[in-house]
Structures are given as structure tokens and as C-alpha cells.
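Data first, discussion second: the structure below is written as C-alpha cells.
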Protein chains: 2
Amino acid sequence: MTRVLVVDDDRQLLRALRINLTARGYQPVLAADGGSALGEFSRQPIDLVIVDLGLPDMDGVEVVEGIRGWSKVPVIVLSARHLEQSKVLALDAGADDYVTKPFGMDELLARVRAALRRAVPAPESPVVTTPAFTVDLGARLVTRNGAQVRLTPTEWHVLEVLVRNTGRLVSQRQLLHEVWGPRYESETNYLRVYIAQLRAKLEPDPSAPRHLLTEPGMGYRFVP
Amino acid sequence: MTRVLVVDDDRQLLRALRINLTARGYQPVLAADGGSALGEFSRQPIDLVIVDLGLPDMDGVEVVEGIRGWSKVPVIVLSARHLEQSKVLALDAGADDYVTKPFGMDELLARVRAALRRAVPAPESPVVTTPAFTVDLGARLVTRNGAQVRLTPTEWHVLEVLVRNTGRLVSQRQLLHEVWGPRYESETNYLRVYIAQLRAKLEPDPSAPRHLLTEPGMGYRFVP
DNA sequence: GGTCCGCGTCAGGAAAACGTCAGGATTCCG
DNA sequence: CGGAATCCTGACGTTTTCCTGACGCGGACC
């Protein structure tokens with residue numbers, strides 16, 4: 001089912017969107033502030049985000065930037081402001097669409113449909129297959145020998161970065177930045193631990209990896 | 001250059017868009033009605049379409065449908081109408097975005113950037129090919145006979161500097177500066193060792209190099 | 001013909017990077 | 001409040017890489 005994350009501090013609007021989204025077959029995930037929104041987003045796969053620019057703890061643009069940092073999920077921005085500048089900022093931050101309050105529910109739902117329709121072909125091949133295992137980037141699912149493999153959030157995050165750069169070398173710094181944050185530069189022991197765990201769960205022979213390769217001194221590389 | 005097809009019957013608006021798009025580095029292609037728009041679209045490759053819903057010869061939604069029939073190019077719809085229903089129709093017809101007149105040029109350009117960013121997900125990395133091997137600078141990948149060649153960080157660094165200066169002579173000093181640092185001037189034995197290792201891994205006949213050439217007394221040169 | 005200089009080759013030890021493991025801290029959830 | 005899952009951290013042995021010196025070869029020059 002398509003999961004839609006709705007971020008707004010207006011309880012009444014949240015309730016209205018929950019009802020309408022549920023009626024159209026979506027699964028709404030609700031958050032009242034930016035912090036819990038980013039938490040929900042990292043916790044479960046989200047297919048689309050609707051975010052209000054006016055939030056109690058942070059600006060909605062920051063939420064957009066926080067999401068765009070590691071995902072290409074479509075984002076629709078809501079705002080009561082009529083200032084054109086805020087539209088530009090939000091769109092340049094990575095938002096896909098912009099709706100000014102007050103808006104009609106039909107229009108918002110149409111924009112939701114449009115955004116989801118665009119998003120489907122966007123990941124050109126959301127499923128990456130190797131002889132040993134399969135990674136479904138959209139569903140955040142890894143299967144091996146037909147059985148689902150259970151990954152922790154950090155393990156998945158590391159694997160996701162590598163798979164999104166299939167065949168390309170990913171430097172330790174890039175991995176640390178994308179998974180742990182920009183303040184991490186030299187904690188390469190983190191990588192060693194999690195790469196080892198991924199190999200233990202995915203590689204046929206973890207001591208002789210065939211898909212999660214180490215390039216000593218440079219980084220790691222995923223090859224199908 | 002990115003080609004943007006603009007379809008509108010308002011000469012003044014067409015002129016404004018032509019100027020602004022040109023200023024931002026796009027190549028505008030102008031059409032005043034739906035028929036000539038579809039003609040231009042079939043005549044040359046178009047990267048993005050901006051179409052007004054109010055056209056003299058046909059409805060803009062028909063233009064969108066006509067384009068969507070055989071292309072996935074991003075489409076932004078313009079309209080002076082405030083009717084919500086028309087937005088729904090246009091978006092469901094396949095439009096990617098919708099802007100209501102009057103609009104600010106900054107907002108429209110921001111939406112253009114957003115649409116193009118969505119449409120171009122995979123920037124290709126520069127690849128240099130020789131009869132013996134290929135170097136993918138973006139992926140940090142070297143292939144020979146279809147198999148990946150493993151390079152150490154220093155080997156890769158030396159090769160990268162040479163390949164980025166394909167055909168040009170790179171002095172020993174420049175190589176030492178770029179790979180080992182500005183304090184290295186005369187340690188040419190480093191170069192001899194690593195050039196030899198690169199030849200052993202890449203050249204068909206390492207004793208008679210064809211791509212990593214020595215210029216005695218000067219430096220080294222890479223030729224495809 | 002002899003000498004000198006630059007280049008290619010090889011091998012071995014020092015240093016850095018990596019894989020592995022286990023224990024403790026933290027968070028999450030009932 | 002307790003248990004489980006996850007994350008972080010440090011230590012140790014192993015692998016890889018880097019530097020270094022020695023030697024041979026060939027051309028330039030005297």
C-alpha cells in the first residue's frame with residue numbers, strides 16, 4: 001500500500017487528510033512536527049511526503065532538505081504564505097510541488113496522483129538482482145533464496161547507498177556522510193563493522209565477498 | 001543545451017520567456033498554437049514543455065495528451081483559469097506541474113529546474129577508452145578485457161592525473177605534486193615504481209608500453 | 001671505449017588499512 | 001520496569017599498501 005507521510009501542526013487538517021487519504025486507498029502516516037517527521041521517514045518506507053512550511057520546531061524547507069539528503073521520494077509542500085520567494089526556496093530545496101492554502105481536497109489529491117505517477121518510473125530499476133540476493137530499493141526489502149533477509153536500519157542504509165551506486169566506488173567519507181551525517185569523517189571502523197554484518201547476511205561466502213567489495217584505502221563497491 | 005518548448009498565444013509572454021530562458025542557459029523553442037507546437041516537438045528533440053491551456057486552435061490538455069502519447073518529457077501547464085477542475089484534468093492528462101497566471105518568472109524557472117532535475121536522474125560519468133583498457137573516472141573503475149582491474153589508491157591517483165591530461169605531457173614534478181603533495185620534487189623513483197605497476201596491470205606488453213608513455217627527462221604521457 | 005645519468009625491475013620491511021569478535025551503552029517497545 | 005534489538009567501541013591478528021634501496025640496462029656524452 002502506498003504510504004503518504006503528512007507533516008502538519010494543524011490537528012484538524014491532519015485528521016481531514018487522514019480520512020481522505022484512507023478513503024482513496026493510501027496509508028497515511030502522520031507527524032505534527034519536523035523532528036518526528038524525519039524520524040518516521042527513516043523508520044519506514046514512505047512513498048510520498050506532504051509537508052507544511054509552518055511547523056513548530058523547524059522550517060518546512062529544512063524538512064525537505066533533510067529528506068532530499070538521502071531519498072528521492074516526491075514531496076508536496078503546503079503553505080498559507082503567498083510569498084513567491086518561499087515557493088522558490090521550497091522547490092529548489094527539492095520539493096516536487098507546491099500548494100497554497102486554502103486548497104481544495106480534490107486538487108491536492110490530483111497533485112498526489114501526479115507526483116506518484118512521476119515517481120514510479122523515476123527509479124529506473126528499483127530492484128537490483130545478484131546471483132546471491134535481491135535488493136528492492138522501493139520496498140526496502142532484501143531477499144535471499146526466496147526468503148526475506150532482516151536488516152537493521154543502519155545496515156539497510158549502508159546497503160542502499162552502495163546499491164544506488166552500483167558498480168561505482170563509494171568512498172568511506174561519502175558512506176559516512178550519507179549514513180551517519182556530515183560530521184563523520186574518519187570513523188571507518190563503523191563501516192568495517194556494518195560491511196561485515198551485511199556480508200554475513202548476504203554473501204554466500206562472507207570471507208570471500210563477491211558483491212560487496214573492498215577497495216583498500218579507497219572505499220567499497222557493490223557489483224551484481 | 002537544454003531545449004524548452006514554450007506554447008502560448010500571448011506574444012508578450014512568449015518574448016519574456018524567451019529572454020529569461022536564454023539568460024538561464026536554456027534554448028527556447030517557441031510556438032503560438034497547438035498545431036505548430038506538436039510540429040516543433042516532432043521536428044527536434046525537446047527536453048521540457050511549457051504549455052498554456054488557452055490556445056487558439058485547441059485546448060492545452062489536448063497538446064499534453066498528444067505529447068504524452070509518445071514521450072515522457074516533463075510538461076508544465078500554464079493557465080489563467082482559476083477553476084480547480086482544469087488543474088485536475090491537466091494533471092491527470094499527464095502534466096507534471098501546473099502554474100496559475102499571473103505567476104512570477106522566478107517561480108516558473110524554479111519549477112522548470114525542479115522538473116528537469118526529476119527528469120535527469122543519472123548523469124553519466126566520463127569514460128576514456130583505449131584498445132587495451134577503459135577508465136571510468138566517475139565510478140573509479142578500470143576494466144580490461146571486461147574484467148575489473150584492482151588498483152591501489154596511489155596507482156589510481158597517478159592514472160587519474162594522466163588520464164585527465166590525455167595526450168598532454170605531464171611533468172614529473174606535476175605528478176609528484178598532485179599525488180604525493182607539493183613538498184615532493186625529485187622523488188622520481190616513486191613514479192618509476194608506480195608507472196611500472198600500472199603498466200603491469202594495464203598494458204598488453206608492459207615492456208613495450210603503448211598508452212602510458214615515458215618522455216625521457218620530462219615526464220609521462222597518456223595516449224588512447 | 002668508458003663513464004654518467006635516467007629509467008625499469010625486483011624484493012623486503014614498515015606502516016596503514018582491514019576483518020573479526022565481544023562486551024557495554026543506548027534505544028525502543030511492551 | 002524489564003527485555004530485546006541495535007548501535008558504538010576497543011582490541012587483536014591479518015592483509016594490503018607504501019616506501020626504500022639495490023641492481024641491470026641502454027643511450028648520451030666525453
Side-chain angles (χ1 to χ4, degrees), chain A residues 35-36 38-44 140 142 148-160 162 169-176 178-181 183-203 205-221, chain B residues 140 142 148-160 162 169-173 175-176 178-181 183-203 205-221:
Chain A
S36 54
L38 293 176
E40 288 293 340
F41 187 82
S42 63
R43 196 166 298 122
Q44 55 183 315
R140 295 202 173 184
V142 181
Q148 180 176 347
V149 178
R150 186 175 166 74
L151 296 184
T152 73
T154 307
E155 287 167 3
W156 168 260
H157 212 159
V158 172
L159 180 65
E160 182 185 28
L162 289 174
L169 177 85
V170 184
S171 68
Q172 303 107 323
R173 179 186 276 182
Q174 183 181 346
L175 265 175
L176 286 168
E178 296 219 30
V179 178
W180 278 269
R183 296 161 45 127
Y184 291 78
E185 294 271 341
S186 57
E187 289 81 353
T188 57
N189 46 331
Y190 293 11
L191 298 179
R192 293 204 296 274
V193 170
Y194 281 95
I195 292 289
Q197 289 173 357
L198 283 174
R199 294 210 259 239
K201 292 184 177 181
L202 302 179
E203 292 275 3
D205 181 2
S207 61
R210 300 172 52 82
H211 306 107
L212 299 170
L213 305 182
T214 302
E215 304 269 347
M218 300 203 286
Y220 293 90
R221 188 196 305 271
Chain B
R140 287 204 175 187
V142 181
Q148 178 182 347
V149 179
R150 296 193 55 124
L151 297 184
T152 72
T154 308
E155 288 166 4
W156 169 260
H157 211 158
V158 171
L159 180 65
E160 185 184 24
L162 289 175
L169 172 70
V170 183
S171 70
Q172 299 168 339
R173 222 162 84 178
L175 266 175
L176 286 168
E178 294 216 34
V179 178
W180 278 270
R183 298 163 45 137
Y184 290 77
E185 295 272 342
S186 56
E187 289 81 351
T188 58
N189 47 329
Y190 293 10
L191 297 179
R192 292 203 295 274
V193 170
Y194 281 96
I195 291 290
Q197 288 174 356
L198 283 174
R199 284 174 179 158
K201 292 184 178 182
L202 301 180
E203 291 276 2
D205 181 2
S207 60
R210 301 173 52 84
H211 305 108
L212 299 170
L213 306 182
T214 303
E215 303 276 348
M218 311 273 291
Y220 292 90
R221 186 196 304 271

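Every heavy atom of this structure was used, including side-chain atoms; hydrogens, water molecules and symmetry mates were not. Below, read A as the first sequence line, B as the second, and so on, with proteins coming before strands; counting in each chain starts at 1. As the structure is a computational prediction, the values presented were derived from the model and not from experiment.
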Atom pair distance, as rounded to whole Å: CZ in A/R199 and P in C/dC21: 13 Å

Rounded distance in Å - CG (B/N189) to P (C/dG8): 12 Å

With a 4.0 Å cut-off on heavy atoms, is A/R150 in touch with a base, just the backbone sugar-phosphate, or nothing at all? sugar-phosphate

Which is the 5'-most and which the 3'-most nucleotide of DNA chain D that has an atom under 4.0 Å from a heavy atom of chain B? D/dT17 to D/dT20

Residue pair B/R140 / A/R221: nearest heavy atoms and the distance that separates them: O-NH2, 2.7 Å

Roughly, in whole Å, what's the span from CG in B/L198 to C1' in C/dG8? 14 Å

Figure out the CZ/P separation between A/R173 and C/dA17, and round it to whole Å. 13 Å

Nearest heavy-atom approach of B/L213 to B/R199 is C-NH2, 3.9 Å

Sugar-phosphate, base or nothing in reach of B/Y220, heavy atoms under 4.0 Å: sugar-phosphate

Is the phosphate of C/dG19, meaning OP1 or OP2, less than 4.0 Å from a side-chain N or O of A/T214? yes

Given atom CG of A/D205 and atom P of C/dG19, what is their separation to the nearest angstrom? 14 Å

Roughly how far, to the nearest 0.5 Å, is OH of A/Y194 from CG of A/L151? 12.0 Å

Criterion side-chain contact (heavy atoms from CB on, under 4.5 Å) against A/V179, the qualifying member of A/L159, A/L191, A/V158: A/V158

What one should report as the nearest heavy-atom pair of A/E203 and A/H211 is OE2-N, 2.8 Å

Using whole Å, report how far CG of B/L212 lies from P of C/dG8. 11 Å

Within the 4.0 Å heavy-atom criterion, would you say B/W156 contacts the bases, only the backbone, or no part of the nucleic acid? nothing

If I take atom CD in residue A/Q197 and atom P in nucleotide C/dA22, what distance separates them, rounded to the nearest angstrom? 13 Å

Shortest non-hydrogen contact between A/A200 and A/P206, atoms and distance: CA-CG, 4.0 Å

Rounded distance in Å - CD (A/Q172) to C1' (C/dA16): 12 Å

Any chance you could measure B/E155, atom CD, to A/M218, atom CE, to the nearest 0.5 Å? 9.0 Å

